[in-house]
Trainee: 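Can you read through this structure? Questions will come right after.
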Amino acid sequence: MSPNTTGLPGIAALERIVGGLLTIGLVAAVAGVAMSAIAWAIGSHSSNPHVAGRGKTGILVSVAAAMLIGAANALVNFFNAAGSAVQ
């Protein structure tokens, strides 16, 4: 048995909704990188290591989120294939 993309009405609309959510996630990741870079710069300029560290962490989290969003389809397909191989 395999997934059926024509079995239920509204699958095309659902695909468009998920695509829109992925776009929103990527825009949020870009905003996170920008805000974190600003926090890092302000923390470094004002000799505040806590704020600078939070900015660095924010950049890493935003980049990781963008990577996961970009790889979401490949990850789901990989685990779907791995699960289908179990008998």
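None of the values given here were measured: they were computed from a predicted structure.
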Trainee: If every non-hydrogen atom of Ala39 is compared with every non-hydrogen atom of Val51, which pair is closest and at what distance?
Mentor: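 So the two residues come closest at O-CG1, 3.3 Å.
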Trainee: Give, for atom CD1 of Ile69 and atom CG of Leu75, the distance between the pair rounded to the nearest 0.5 Å.
Mentor: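 Output value for this atom pair is 12.0 Å.
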Trainee: Given the rule that I, L, V, M, F, W and Y join up when any side-chain heavy atoms are under 4.5 Å apart, are Val63 and Trp40 in one cluster?
Mentor: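 Yes; Trp40 is reachable from Val63 via cluster members.
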Trainee: Tell me if a side-chain donor or acceptor on Thr23 pairs with a main-chain N or O of Gly19 at a distance below 3.5 Å.
Mentor: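 Answer holds: yes.
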Trainee: Would you say the side chain of Leu8 lies within less than 4.5 Å of the side chain of Leu14, judging by non-hydrogen atoms?
Mentor: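 No, their side chains stay 4.5 Å or more apart.
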Trainee: State, with a plain yes or no, whether a side-chain heavy atom of Ile11 is found less than 4.5 Å away from one of Thr6.
Mentor: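 Sidechains of Thr6 and Ile11: no contact.
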Trainee: Side chain of Asn77, backbone of Asn73: donor and acceptor closer than 3.5 Å?
Mentor: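 Confirmed, Asn77 side chain pairs with Asn73 backbone.
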Trainee: Where is the tightest heavy-atom contact between Ala29 and Ala66, given as atom of each residue plus distance?
Mentor: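 Closest approach of Ala29 to Ala66, heavy atoms only: CB-CB, 4.0 Å.
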Trainee: With hydrophobic residues grouped by side-chain heavy-atom distances under 4.5 Å, do Leu22 and Met67 end up in a single group?
Mentor: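 No.
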Trainee: To the nearest 0.5 Å, what is the distance between CG on Leu26 and CG on Leu21?
Mentor: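 It comes to 11.0 Å.
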